[in-house]
Structures are given as C-alpha cells and as structure tokens.
There are 2 protein chains.
Amino acid sequence: MKEGPDIAQIGAMIGDPARANMLTALMGGKALTATELAAAGGITVQTASTHLAKLEAGNLLAQRKQGRHRYFTLADDSVGKFLESIMGFAAGRGHLRHKPGPKEPALRKARICYDHLAGDYGVRMLDNLIAEGAIDVLGDGLALTESGETALKSIGIDVHALRSSRRPLCRSCLDWSERRAHLAGSLGKALLSNFLDKGWARRTAESRSVIFSPEGERQFLALFPAAK
Amino acid sequence: MKEGPDIAQIGAMIGDPARANMLTALMGGKALTATELAAAGGITVQTASTHLAKLEAGNLLAQRKQGRHRYFTLADDSVGKFLESIMGFAAGRGHLRHKPGPKEPALRKARICYDHLAGDYGVRMLDNLIAEGAIDVLGDGLALTESGETALKSIGIDVHALRSSRRPLCRSCLDWSERRAHLAGSLGKALLSNFLDKGWARRTAESRSVIFSPEGERQFLALFPAAK
DNA sequence: TTCATACTTCGATCCTAACCGAAGCATTGT
DNA sequence: ACAATGCTTCGGTTAGGATCGAAGTATGAA
C-alpha cells in the first residue's frame, strides 16, 4: 500500500467546510482579503488566518501583500480547474448543498470559473468555437486556428499579446453543471474580460454568477448561435 | 456563499488517511473484502467497517455479498477516474508520500487504474491508437474508428460485444504520473484483459503495478512502437 | 506620536470522529 | 448442533483540530 501521491492531504484541505467555502469564494476569480474570506467561510478572522496559512502551505493559495491588506487568490488556474472538477464529481454523486436554492439557475446559466466563463453559456461558446473551426481539438488539448485568430481579432481580442504569456492559450475545463468542457486558459480569460468590458455582462458582488444585460445576451447569442 | 455542490463532503471522505488508503487499494481494480481493506488502511476491521459504511453512503463504493464475504469495489469507473485525477493534482502540488520509494518506478511505468492500463505504457498505447487513426478525438471524448475496430479484432478483441454494455467504449483518463491521458472505458478494460490473458503481463498481489514479461514487453512495444 | 485597521500568534476550550475491545449477527463447515 | 469465520454494532476512550478571546505585530492615517 502507500502507493503514489498523498491524496488524503488535499482531501483534508478541502474537507473542512470553512476552507471549502473560502476556496469556492475564490473561484469567483477576485483576490479576496483574509477578512472577506473569513466572512465567506462563516468564521472569525483568527480562525480564517490559520486556515489560510494551511492552504498556502499546501500550495493551493497564493497571497500578495498590498498595504495592510493581504490578498489571497487560488495558486494558479489549475487549482480552479481542479475545484471545478470536484464540484462536478460531487454533483454527480448527489452531494448537493441541502437545497438547490434560488440562485442556482443563474449559476448554471453563466458563472465565473476562476477567470473564465462557465455554465451553459461557457459550454455553448466553446462548442461554437469548435464548430466554426476557430479551435481545433488535439489530443487532450485545444488549439486556436489561424481563422480563429482573425475571427477573434475582429471582436477585439489581441491573440498575439496573449501568446507572450507563459500560460497556455487554450485549455479545456470540465464544467460541473453541464458536465462538458468549457474554455479556460488565457484565451478563455480574455473572452470573458471582453464581454465584461463591452458591458454585455457583469459580475455580481457576492456570487460567482455572471449576469448578462438584455442587449449583451442578444449579442452573445448572435455570436454563438447554435444550442449545440 | 454556499454556492454549488458540496465539495467539503467528498473532501472529507478522501481526507482521512485510512479511507484514502482503502480507496487507493481499490484502484487496483480487484474487489476486496472488508478484512483486506482494513489491512490496506492499517486499521482494525471494526474501524474499517464504519469507514466502508461511510464511503458507501457517499456513493463512492459498491459492495456485494458473497457467502460470508462482503466484496467492495469502487462504485463505478468515474470514481476511479476521479481518484486518479486527484493523485495527479496532489503530485503536481508536491503532496507526495514521504519518499518516492523503490516500487515507484514500476508504478510509473505500468499500473492498473481501476480496470485499465495506466502509466507510461498506458499513455503510449493511447498515443499510438490515435496516431494510427484507430481512435478519433472528438471534443472532450474519444471514438473508435472503423479501421480501429478491425485492427482490434485482429488482436482478439470483440468490439461488438463491448458495445452492448451500457458503459462508454472509450474514455480518456488523466494519468497522474504522465500528466497526459490514457485510455479508459470498456475498451481500455478489454485491452488490459487481453494483455493479461495472453501472458504479456501480470498484476502483482499487493500493488497496483503491472509487470510485463520480457516477451510480453517486446510484443507490446512492437504493437505500440513510437515513444510519441 | 497616537490611533485605527488588518492580520497573526498564543492559549484554552470544546467537539467531532477515529479508534478499538467486546459482544452480537450471519454464513459456512463439520 | 456446534464451532469457526467474516463482518457489524455498541460503548467508551482519546486525540486532533476547529474554534474563538486576547494579546501581539505591521501598516497606514491623522
């Protein structure tokens, strides 16, 4: 026995409700302070502080000091991807929070997955990009095509600049509510920013859900028409 | 807060070392009795019994009674896939068991991932099948081609029979040691069985590793030649 | 300098759950 | 019928860790 990596350690990290809630809050993509995270976890700052230290030691979180604040984020996008996959697994096993709740539909429609768009709309977007030949599926990964690059330029995304980052341009991320892949990576991030900048949609303060304006929704659906 | 599925519950399931060890043992694919699992977890049968009840209530395990034995397996292959992905994440974060250990290289080379082949050899096999056009990559999924079907028939795999099962024929599963996909699904299972039946390889009693015979290794490498 | 804010560290409490011994139930073998 | 095996349930103990109050450190504002 005792083979392979230690899954119990990360299991324990996520296994505490307060920590799980803090991590979920960070899935919203915004850097949050220890005080904000304490509120998210439903605990005092003291307790949150020890939890955060633990999560940082476990390489799940990164922090940066700024003035007297300490901002926490997920260590990198692979943590976000991992958490999303756990949510998918949990949902599939019936490990739902007590009741679906009123915000749930909005969350399933469009939400933030760390830094990119997820939910029905996120999946629809990737499906369309693939169907239009903007993105190719290669093995496990995704790759932007030349025609895709020009198409994106036309809606105001400078792919060239994205390439210079060390981070992969395209990544697929398994959506917990749709059980299918959506687009992550720096391109996924850029697309979401683009929509937000254009005012098509806005993030909400206290939730991961993304709210589209009527006009924004119209434009988005025109750009990515097919339901599948 | 309190958005989405309850990840803390499954985190806690996996977060206990004894349970994690039992789950890892079940990744070997064999159905194990409560007594065997107790040994794997390093605990008494009483304690194991309560753990197993908990894991079953959480839909991670399935059991079937047979005589006075009670055989446990992972609830289905998606649990295996999930555990493998956690191992990959844990390994990437440096959450290794204290030291790599002597069995580690064998494990990385070829091991059982619930019911199919994983490790270097598992990844190599899928790479070859894709390169030869036996398997197509479609979106997130994999699909066997016609030419692939005939090729498999020639090595003694009846794909038609596999299709009748409810379980998907091809699935990709992320390999924790190689960080790339290998082949799961009923076809992945059939291929491993095929190799074992032919005597190319054998499973070990106490470990997930798969040991190839010299002749078996020669045949396997001839069938799947390119390192990539 | 002084005060306020943001956070960490210390110390103590408390509670959950992991654990095992003992007893109980079920199945099989003789 | 009786013993042996495999497992579960019960009861009581124990340890780990989650929690918070209070005190300590760091940064910024007045």
Side-chain angles (χ1 to χ4, degrees), chain A residues 1-2 6-26 30-58 60-75 95 98, chain B residues 1-2 6-26 30-58 60-75 95 98:
Chain A
M1 309 309 116
K2 309 269 177 122
D6 193 351
I7 61 174
Q9 259 182 56
I10 38 158
M13 295 262 177
I14 299 165
D16 179 79
R19 282 195 292 262
N21 285 333
M22 293 194 283
L23 288 170
T24 308
L26 287 172
K30 277 194 288 241
L32 298 175
T33 65
T35 313
E36 291 170 317
L37 286 168
I43 47 179
T44 61
V45 271
Q46 306 94 296
T47 312
S49 180
T50 61
H51 280 317
L52 291 169
K54 212 166 283 190
L55 289 171
E56 201 189 352
L60 294 187
L61 293 188
Q63 60 158 299
R64 70 168 190 280
K65 287 185 69 169
Q66 201 167 84
R68 52 184 158 184
H69 293 276
R70 197 159 287 224
Y71 285 96
F72 289 87
T73 56
L74 301 184
H95 293 264
H98 321 95
Chain B
M1 310 311 115
K2 308 266 180 129
D6 192 353
I7 60 174
Q9 258 182 57
I10 37 157
M13 294 264 178
I14 300 165
D16 180 79
R19 282 196 291 263
N21 285 332
M22 293 194 284
L23 289 169
T24 308
L26 286 171
K30 276 195 288 241
L32 298 175
T33 64
T35 313
E36 290 170 318
L37 286 168
I43 48 180
T44 60
V45 272
Q46 304 96 294
T47 311
S49 181
T50 60
H51 280 316
L52 291 169
K54 212 166 284 188
L55 289 171
E56 201 188 351
L60 294 187
L61 293 188
Q63 60 157 298
R64 68 169 192 281
K65 287 184 66 170
Q66 202 168 83
R68 53 185 158 186
H69 293 274
R70 198 158 287 225
Y71 285 96
F72 290 87
T73 56
L74 301 184
H95 293 264
H98 321 93

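In what follows, chains are A, B, ... by sequence order, proteins preceding strands, each numbered from 1. As the structure is a prediction and not an experimental result, all values here were calculated from the model.
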Review point. Under 4.0 Å: is that the gap between some side-chain N or O of His69(B) and OP1 or OP2 of dA26(C)?
Key: no
Check your understanding: Rounded to whole angstrom units, what separation is found between the CG atom of Leu37(B) and the P atom of dG6(D)?
Key -> 14 Å
Review point. With respect to the side chain of Thr33(A), which nucleotide from dA18(D), dC7(C), dT8(D) is positioned closest?
Key: dC7(C)
Check your understanding: Among all residues two or more places apart in sequence or in another chain, which pass the ring-ring contact (aromatic ring centres under 6.0 Å, His included) test with Phe72(A)?
Key -> none
Check your understanding: In whole angstrom, what separates Arg70(B)'s CZ from dT28(C)'s P?
Key -> 12 Å
Review point. Which whole-number value in Å describes the distance from Arg64(A) CZ to dC7(C) P?
Key: 13 Å
Check your understanding: Do side-chain atoms of Arg19(A) reach the backbone of Ala8(B) as a donor and acceptor pair under 3.5 angstrom?
Key -> no
Revision key, fill the gap. From CZ of Phe72(A) across to P of dA6(C) the rounded distance in Å is 14 Å
Check your understanding: Would you say the side chain of Leu26(A) lies within less than 4.5 Å of the side chain of Leu37(A), judging by non-hydrogen atoms?
Key -> yes
Practice item. Please tell me if the side chains of Thr33(A) and Tyr71(A) come closer than 4.5 Å, counting only heavy atoms from C-beta onward. Key: yes
Study note, to complete from the structure: Against the side chain of Ala18(A), the closest entry in dC19(C), dA17(C), dT19(D) is dT19(D)
Practice item. Find the distance Gln63(A):CD to dT8(C):P and express it as a whole number of Å. Key: 7 Å
Review point. Does a side-chain heavy-atom distance below 4.5 Å link Leu61(A) with Leu74(A)?
Key: yes
Check your understanding: Does Lys54(B) put a side-chain nitrogen or oxygen below 4.0 Å from OP1 or OP2 of dA18(C)?
Key -> yes
What N/O pairs connect the protein and nucleotides 20-27 of chain D at under 3.5 Å? Give each pair on its own line.
{"from": "dC20(D)", "atom 1": "OP2", "to": "Thr44(A)", "atom 2": "N", "distance (Å)": "3.1"}
{"from": "dC20(D)", "atom 1": "OP2", "to": "Thr44(A)", "atom 2": "OG1", "distance (Å)": "3.0"}
{"from": "dC20(D)", "atom 1": "OP2", "to": "Thr47(A)", "atom 2": "OG1", "distance (Å)": "2.9"}
{"from": "dG21(D)", "atom 1": "N7", "to": "Gln46(A)", "atom 2": "NE2", "distance (Å)": "2.5"}

Review point. What is the distance, rounded to the nearest whole Å, between atom CE of Met13(B) and atom P of dA18(C)?
Key: 10 Å
**Study point:** Side chain proximity check, Gln63(B) to Leu52(B), heavy atoms < 4.5 angstrom
**Key:** no
Review point. More 5' along DNA chain D: Asp16(A) or Leu52(B), using each one's nearest nucleotide?
Key: Leu52(B)
Revision key, fill the gap. Here the distance between atom P of dC7(C) and atom CG of Leu61(A), to the nearest Å, is 14 Å
Practice item. Check whether any side-chain N or O of Thr24(B) sits under 3.5 Å from a backbone N or O of Ala20(B) as a donor-acceptor pair, and report yes or no. Key: yes
Review point. So, is His51(B) close to the dA17(C) phosphate, meaning a side-chain N or O under 4.0 Å from OP1 or OP2?
Key: no
Practice item. Figure out the OH/C1' separation between Tyr71(A) and dA6(C), and round it to whole Å. Key: 11 Å
